[in-house]
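So the structure is just underneath, and the comments pick up after that.
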Amino acid sequence: MFRQSVARLAIRQQSTVAKAAPRALSNSYVGSLETRWESLPKEDQTTLIEELKTRMEGPWQELTSAEKKAAYYISFGEWGPRRPLYQPGDKSKILWGTIGGLFAGFGLFALIRSFAAEGPTTMNREWQDASDEYLKSKNANPFTGHSQVQ
Amino acid sequence: MISSSIRNALRAPVAARAIVRPTLASRPMMMRFQRNYSSDHHEETFEEFTVRYEKEFENAYDLFEVQRILNNCFSYDLVPAPVVIEKALQACRRVNDYPTAVRTFEALKHKVENNTQYEAYLEELKDVRKELGIDLKEQLYADEA
């Protein structure tokens, strides 16, 4: 009797059919995987994948909603290589960063220019008018004009 | 007289051959050219495509293979027939991968032109979905959307 039951247990241990997880994985174990999947240690991820795999060997009607979501998230969720290029909010960050950088550049330019040396003395109106007077007195360039005003 | 007629009779077939195929006789070394244009191939019809992919899904032996065939199947400029999708779902069931089955419907939704066609596909595949217990992604994430 005892030997028989031991033999039965051994058969059950070694059979691949009986190992299928009969109980659903708890909601707290597989639920809200989106928030914590990537921070899960590698071994935990592997165990969870294996457990879900055993669960999926049974009829799919028996899977709980949380298990389905977890299995879907692990296979096709937005993590690892499937993470979208831009997270929500990233685009406005880029826009405002660009605009801010642009204005910072203008500001820096204005700041540096404010420390710049004065322009050349010949570049003011009086000097150029005086030049015109002088050239006129010398009858310079009668064909295309001699104006020095810039 | 007799000898000349015999000679004529012997020559006759040679002459006839020369008349019938003058070009080959005059150019015996001419090569035949064959050009392998892509248009020479037989273009696969939708029915042949369906049969081919049904067979491929029946022969798919592991998850990688199922996903590879699904990928190929959905890469054409056509939406696979419902029978092909059904075979794909059965292949998913055979390799025990629920997410791929859900993903198949997602791909279908992406591939069809409008929602009416998607609804028609869902109606057509209702039984197999119920039998295998496959939810749509919309149903899975209904409470969050």
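Below, read A as the first sequence line, B as the second, and so on, with proteins coming before strands; counting in each chain starts at 1.
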Neighbours of chain B found in residues 112-138 of chain A - heavy atoms under 4.5 Å: none
Proximal to chain A - members of residues 56-81 of chain B, heavy-atom separation under 4.5 Å: B:Gln67
Hydrophobic cluster identity match, B:Leu140 and A:Leu48, side-chain contacts under 4.5 Å: yes
Same apolar cluster: B:Phe46 and B:Val51, side chain cutoff 4.5 Å: no
Toward chain A: residues of residues 128-136 of chain B with heavy atoms under 4.5 Å: B:Lys130, B:Glu131, B:Leu132, B:Gly133, B:Ile134, B:Asp135
In one Ile/Leu/Val/Met/Phe/Trp/Tyr side-chain cluster, 4.5 Å: B:Tyr98, B:Val95: yes
ILVMFWY network linking B:Val83 to B:Val112, side-chain heavy atoms under 4.5 angstrom: no
Other residues, nucleotides, ligands: >12 heavy atoms within 6.0 Å of B:Lys111 NZ: yes
Toward chain B: residues of residues 67-105 of chain A with heavy atoms under 4.5 Å: A:Lys68, A:Lys69, A:Ala71, A:Tyr72, A:Tyr73, A:Ser75, A:Phe76, A:Arg82
Close side-chain approach of A:Trp60 to B:Cys92, heavy-atom, < 4.5 Å: yes
Euclidean distance, B:Asn96 CG relative to A:Met56 CE, rounded to 0.5 Å: 7.5 Å
Atom CD of B:Glu124: over 12 foreign heavy atoms under 6.0 Å: no
